[in-house]
Engineer: 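Okay, here's the structure, questions in a sec.
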Amino acid sequence: MTIAHWLANGFATMLCFDPTRGIDVGTKRQIYTLLRRLADDGAAILFFSSELTEFPLVCDRVLTLFGGTITAELPGAAADEASLLRAMHGLGESEATG
């Protein structure tokens, strides 16, 4: 109900914390499409997910944290699972490959 109210009345920023957790695949796609459209229309969407595969689908930019510090900033399209895992654990590209 709250989300419908925000969508109907407008908002500048939305915080989404695991918005697709426990939801079927078809509904997840609808949520991705909605969030992408809202962002394209100028809304700021802060997106947290425990599913790493979601970031390239939804985000323009991804920031990762390690030990309370931002460790990386990636373009959404480049935020694949391997890149995110390296960044989240504070590993640079050279450290990850040996």
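Excluded from the calculations below are hydrogen atoms, water molecules and symmetry mates; all remaining heavy atoms, backbone and side chain alike, are included.
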Engineer: Looking at E51 and R21, is any side-chain nitrogen of the basic one under 4.0 Å from a carboxylate oxygen of the acidic one?
Structural biologist: no
Engineer: Do you know which two heavy atoms are closest between A79 and V62, and how far apart they sit?
Structural biologist: CB-CG2, 3.7 Å
Engineer: Could you walk me through whether H89 and L85 pass side-chain contact (heavy atoms from CB on, under 4.5 Å), step by step?
Structural biologist: CA-CA 6 Å; H89 291 92; L85 286 170; 4.2 Å; yes
Engineer: Within the distance-only criterion (no hydrogens, no angle test), does the side chain of T33 pair as donor or acceptor with the backbone N or O of R29 below 3.5 angstrom?
Structural biologist: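 Checking the backbone N and O of R29 against the side chain of T33, a donor-acceptor pair under 3.5 Å is found.
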Engineer: Kindly give the heavy-atom pair with the smallest separation between S83 and L74, and that separation in Å.
Structural biologist: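 The answer is CB-CD1, 4.2 Å.
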Engineer: In Å and rounded to the nearest 0.5 Å, what is the CG to CE distance from L38 to M14?
Structural biologist: 6.0 Å
Engineer: Taking side chain as C-beta onward, heavy atoms only, is D80 less than 4.5 Å from P56?
Structural biologist: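 D80 vs P56: side chains apart.
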Engineer: Could you grab the distance from atom CD1 of I23 to atom CG of D18, nearest 0.5 Å is fine?
Structural biologist: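 The CD1 atom of I23 sits 9.5 Å away from the CG atom of D18.
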Engineer: List the atom of A87, the atom of T64, and the distance in Å for their closest heavy-atom pair.
Structural biologist: CB-OG1, 3.2 Å
Engineer: Can you confirm whether the side chains of E54 and T20 place a donor and an acceptor under 3.5 Å from each other?
Structural biologist: yes
Engineer: Might you work through the side-chain contact (heavy atoms from CB on, under 4.5 Å) test for C16 and L35, ending with a clear yes or no?
Structural biologist: CA-CA 9 Å; C16 297; L35 292 175; 3.8 Å; yes
Engineer: Hydrophobic clustering (ILVMFWY, side-chain heavy atoms < 4.5 Å, transitive) - are V58 and M88 grouped together?
Structural biologist: yes
Engineer: Taking only residues two or more places apart in sequence or in another chain, which ones pass side chain to side chain donor-acceptor pair (under 3.5 Å) with D40?
Structural biologist: R36
Engineer: Going by heavy atoms in the side chains, are T53 and E81 under 4.5 Å from each other?
Structural biologist: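 The answer is yes, as the side chains (C-beta and beyond) meet within the 4.5 Å cut-off.
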Engineer: Taking T69 for the side chain and T71 for the main chain, is one N or O donor matched with an acceptor at less than 3.5 Å?
Structural biologist: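 Judged by distance alone, no pair lies under 3.5 Å.
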Engineer: Kindly indicate whether the side chain of P75, heavy atoms from C-beta on, has any atom under 4.5 Å from the side chain of D60.
Structural biologist: no
Engineer: Quick check: F55 with F47 (ring centres under 6.0 Å apart)?
Structural biologist: yes
